[in-house]
Amino acid sequence: MSRPDSHEPSSTASSPNGSGRGTEADIAQQRAELAATVGELTDRLDVPTRVKHAADERVEAVKNRPDLVAVAGAVLVAVVLVVVWRRRR
């Protein structure tokens with residue numbers, strides 16, 4: 001989504017004969033740029049998918065750190081032991 005820096009008229013604005021039609025290549029390029037822009041906007045506005053991807057990335061980051069998994073497992077075991085010990089008292 002970039003804007004042209006200059007205010008020069010586009011080559012597709014009009015042809016030398018004044019018919020207002022650009023070449024087929026110019027039209028195809030503009031369509032491709034527009035499709036890319038619409039796709040980017042769609043991706044940015046799709047919040048549930050963005051949240052899911054962010055969560056998946058964090059899960060993968062944790063899975064790649066066995067030290068964190070070990071600490072979480074130890075904390076879980078400690079909590080279970082404390083709960084069992086308190087119920088038996």
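Keep in mind that what you see is a predicted model, and the values were worked out from it rather than measured.
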Worksheet item: Considering residues at least two apart in sequence or located in another chain, which fulfil the salt bridge (Lys or Arg N to Asp or Glu O under 4.0 Å) criterion with R65?
Response: D67

Worksheet item: Nearest 0.5 Å, what's the CD1-CD distance between I27 and E24?
Response: 5.0 Å

Practice prompt. Quick one: closest heavy-atom pair of R50 and R44, and the distance?
Written response: NH1-O, 2.8 Å

Fill in: Check: T42 main-chain N/O paired with D46 side-chain donor or acceptor under 3.5 Å
no

For residues 75-83, tabulate all N or O donor-acceptor pairs below 3.5 Å that involve a side-chain atom, not counting sequence neighbours.
none

Item to complete: If a pair satisfies side-chain hydrogen bond (donor to acceptor under 3.5 Å, both in side chains) and one of its residues is in residues 71-89, list it, with sequence neighbours excluded.
Response: none

